[in-house]
Amino acid sequence: MSVEVLEAAALFALVWPFVAASLWAVRAARPWVIGLLPWSAAPALAVALLVPDLTLPLPETLLGSGLALDATGRVFLATTALLWWVASALMVGRRPGGGGERRSVLPALLAMGAGFTLALADNGLLWFAAGTLAGYAVYALILQDAARPARAAGRRLVILLVLSDLLLFELFLILAHAAGGTSFADLRGAVAALDNPTFVLALMTLGFGVKAAVLGVHLWLLPAFGSTTLGVRVALITFVAAAGLLGWLRLLPLGEMTWTAEGVALHGWAFATAATALMMGFLWAGQRALAGGILMALTGQWLWALAAALQRPESGVAIAALLPMLALQSSLALAALVLLDDAGRTRHRALRMAMAWLAVVLVVLAPLPLFVVWIAAGPLFALDLVALDPVALELAWPSVAVALLLGRFIAGMTPHEGASSRSRSRHPQSRMTLGAGLLVASAVGAATGLLGYPPTGLWSPIQADAPDWSYGSAVAVAVLVGAVSLGWLASLRARQRPAPGSVGWSPTRVPALHERLRALRGQLRHILRSRLPGWRDAILDALAAAASSASACALVRRAEARLMRWESALAMLLLAGLAVGWSAFGG
């Protein structure tokens with residue numbers, strides 16, 4: 001097949017969702033566009049699987065942008081196409097004959113085309129434009145049902161997207177000025193040549209972290225997961241992986257520089273992100289919010305891998321080659337878990353649970369090649385322990401958080417007395433079929449990653465040897481399996497159920513502890529009222545009322561409400577601008 005035909009196929013796969021979106025303006029063509037929505041991802045999937053590596057310059061687009069299909073982009077294009085195929089099929093088939101698909105089709109096509117552009121873009125400006133379009137299209141998808149929780153989640157997301165796009169635009173300006181170009185090769189060279197990379201890495205982490213939901217800018221993810229439909233939840237998994245992790249991989253020249261201090265900072269950020277996801281997953285009720293917590297913990301896992309590559313440049317190339325497969329395996333397996341949980345009570349209940357456990361195994365096995373690469377580089381800390389490799393436990397922490405949440409998620413899928421099936425899917429068999437397809441794809445990614453083969457494409461030579469499994473990797477496997485078991489057993493022992501009328505994302509307190517605190521407060525108030533004069537009693541009543549509203553959940557809600565205001569966003573933007581100006585003046 002000629003190069004021109006391959007380039008035309010890649011360009012058609014990218015342009016087709018936008019062409020279908022433009023046809024939406026013709027009223028007579030709308031039923032046809034709705035029917036073609038699930039198939040709009042098929043050309044991109046075919047390109048990812050069949051077309052070899054190529055480069056397609058577009059000199060008249062965004063100051064000389066271009067497209068490139070390389071090893072990293074191929075995996076993310078396949079992941080995006082698979083998940084969007086499933087998500088669009090769920091959106092169209094959710095309410096046949098209703099208005100749900102009509103509200104979803106246009107933003108779904110725009111988000112789909114933007115996701116394909118993210119995977120194929122070879123230029124910073126084109127990538128920035130695609131990421132911006134993808135973010136606001138996802139915002140429109142979240143608001144498709146116009147429910148109150150969805151509006152709150154969308155308001156948080158759109159404010160954070162404004163800040164994210166401003167920070168990323170400033171980042172691309174700084175790097176383009178230093179590099180003299182906007183291609184990713186030039187931008188990576190500029191990043192590698194930085195003398196003081198702390199500020200640029202902070203911009204990068206915050207800008208991409210909004211879309212990846214790292215700690216501090218994660219406030220939109222769990223409400224969005226809890227208040228949206230099944231198809232939109234699958235699309236959110238795609239958005240987090242493509243617009244978050246892929247941005248870091250495109251700009252960071254892993255293996256070409258040593259940023260020890262910055263790597264330690266990212267390691268701490270990954271630790272905090274995973275710990276927050278773990279805390280929210282065990283304190284908040286609802287399977288939907290728990291799935292969002294797993295996605296946030298996966299972000300911490302990916303961020304940890306980037307920190308490991310920055311701390312040890314000798315293993316940075318191998319980690320950069322394995323990270324796309326980690327994203328493919330974990331994203332597809334998480335999407336399969338979401339679909340299987342939504343399938344509800346089916347005739348094949350045992351098969352559903354077996355497939356769910358297989359998905360958990362695939363997610364747990366995803367980071368093991370990274371563990372092996374990390375351990376093979378030698379101990380990071382000067383610790384001499386004969387019986388146990390401390391690095392294996394230290395590096396496994398984000399994955400332990402993922403494993404604990406997965407165990408709790410599986411426990412919530414276990415049928416129990418009193419469970420209602422009215423809120424379940426209308427077509428559980430189709431959910432199981434889609435979940436099985438995603439599991440097959442993630443199993444292929446697992447086999448590729450565990451054997452040490454980077455995603456170099458079907459025609460490229462293998463660039464890495466099979467990993468040398470060690471005692472430390474066996475310890476990591478045992479720790480992850482134990483974490484899954486602990487999460488499962490803890491959730492079976494004390495299962496939390498959402499309150500009546502709840503959509504599953506709002507925080508709830510443990511009933512027994514809440515009742516005990518309430519009784520204790522009443523007893524203290526009775527004692528104080530009988531012992532103190534009236535004016536002191538009034539003061540104590542005010543203090544008691546303030547203390548009753550000062551619970552951890554109430555404080556978090558008030559802090560988030562104050563943070564998610566335009567005044568706070570503008571103040572954050574002003575501080576970021578002052579920091580940029582100070583950095584430029586200091587340079």
Side-chain angles (χ1 to χ4, degrees), residues 18 61-63 65 76 80 107 110-143 153-179 182-184 187 190-191 199-221 223-224 235-236 238-252 299 303 563-581 583-584:
F18 297 110
T61 305
L62 287 179
L63 301 177
S65 297
F76 278 95
T80 304
L110 294 177
M112 185 188 305
F116 299 159
T117 307
L118 288 173
L120 292 173
D122 192 32
N123 184 280
L125 288 180
L126 183 60
W127 201 97
F128 172 77
T132 302
L133 178 59
Y136 291 104
V138 167
Y139 161 68
L141 284 175
I142 292 174
L143 295 183
R155 182 168 59 251
R156 296 179 180 184
L157 176 60
V158 74
I159 292 176
L160 289 171
L161 282 176
V162 170
L163 293 174
S164 169
D165 292 336
L166 290 171
L167 294 176
L168 287 179
F169 186 68
E170 183 64 32
L171 171 67
F172 282 119
L173 284 180
I174 293 173
L175 296 180
H177 176 73
T182 57
S183 67
F184 279 125
L187 297 179
V191 173
F199 179 71
V200 169
L201 186 62
L203 286 180
M204 194 182 305
T205 306
L206 285 175
F208 297 133
V210 168
K211 301 173 176 64
V214 300
L215 179 64
V217 287
H218 67 284
L219 304 175
W220 64 272
L221 180 62
L236 286 177
T238 308
F239 175 70
V240 169
L245 176 60
L246 183 56
W248 285 314
L249 289 176
R250 288 302 192 193
L251 285 183
L252 284 175
T299 293
L303 194 62
L563 182 62
M564 292 294 102
R565 293 176 179 174
W566 280 109
E567 295 84 356
S568 302
L570 291 176
M572 293 166 61
L573 176 62
L574 178 60
L575 292 175
L578 291 175
V580 170
S583 176

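What you see below is based on every heavy atom in this structure, not just the backbone, and it leaves out hydrogens, waters and symmetry mates.
Shown here are the side chain to side chain contact (heavy atoms under 4.5 Å, CB included) partners of Ala178, two or more places apart in sequence or in another chain: Ala190. Remark: Thr238 pairs with Thr80, Leu83, Trp84 by the side chain to side chain contact (heavy atoms under 4.5 Å, CB included) rule, at least two apart or across chains. Applying the side chain to side chain contact (heavy atoms under 4.5 Å, CB included) rule to Ala241 yields the partners Trp302, Ser331; only residues at least two apart in sequence or on another chain are considered. In this structure, Phe172 has no ring-ring contact (aromatic ring centres under 6.0 Å, His included) partners at least two apart in sequence or on a different chain. By the side-chain hydrogen bond (donor to acceptor under 3.5 Å, both in side chains) test, Thr205 pairs with no residue at all, sequence neighbours left out. For Leu206, the side chain to side chain contact (heavy atoms under 4.5 Å, CB included) partners are Leu167, Trp269, not counting sequence neighbours.
Under the salt bridge (charged side-chain N to carboxylate O under 4.0 Å, His left out) criterion, the residue pairs touching residues 211-221 are Asp165-Lys211, with sequence neighbours excluded. Every pair tested for salt bridge (charged side-chain N to carboxylate O under 4.0 Å, His left out) that includes a residue from residues 117-128 fails, sequence neighbours excluded, so the list is empty.
Nearest heavy atoms, Gly154 versus Ile142: N-CG2, 4.2 Å. Closest heavy-atom contact between Leu187 and Gly124: CD1-CA, 4.0 Å. Closest approach of Leu141 and Pro107 over heavy atoms only: CD2-CG, 3.8 Å.
Relative orientation of the Phe184 and Trp127 rings is perpendicular, given thresholds of 30° and 60° on the angle between their planes.
Distance check, rounded to the nearest 0.5 Å: CG of Leu201 to CG of Leu252 gives 6.5 Å. With rounding to the nearest 0.5 angstrom, the CE atom of Met112 is 10.5 Å from the CZ atom of Phe18. Atom CG of Leu221 is separated from atom CG of Leu160 by 11.5 Å, given to the nearest 0.5 angstrom. In this structure, the separation between CG on Leu125 and OG1 on Thr182 is 4.5 Å, given to the nearest 0.5 Å. With rounding to the nearest 0.5 Å, the separation of CG in Leu251 from CZ in Phe208 is 4.5 Å. With values rounded to the nearest 0.5 angstrom, Leu157 atom CG is found 8.5 Å from Tyr139 atom OH.
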Begin from the C-alpha positions of Leu245 and Phe76 and carry the test side-chain contact (heavy atoms from CB on, under 4.5 Å) through to its verdict. CA-CA 10 Å; Leu245 176 60; Phe76 278 95; 3.9 Å; yes
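Looking at Thr299, its side chain never comes within 3.5 Å of a backbone N or O of Ala213 through a donor-acceptor pair. One N or O on the side chain of Arg250 and one on the backbone of Ala119 form a donor-acceptor pair closer than 3.5 Å. Between the side chain of Trp220 and the backbone N or O of Val158 there is no donor-acceptor pair closer than 3.5 Å. Checked by atom type and distance alone, the side chain of His218 pairs as donor or acceptor with a backbone atom of Gly216 at under 3.5 Å.
Side-chain contact between Tyr136 and Leu161 is present, with heavy atoms from C-beta onward closer than 4.5 Å. Proximity of Leu171 to Ile174: side-chain heavy atoms (C-beta onward) are nowhere separated by under 4.5 Å.
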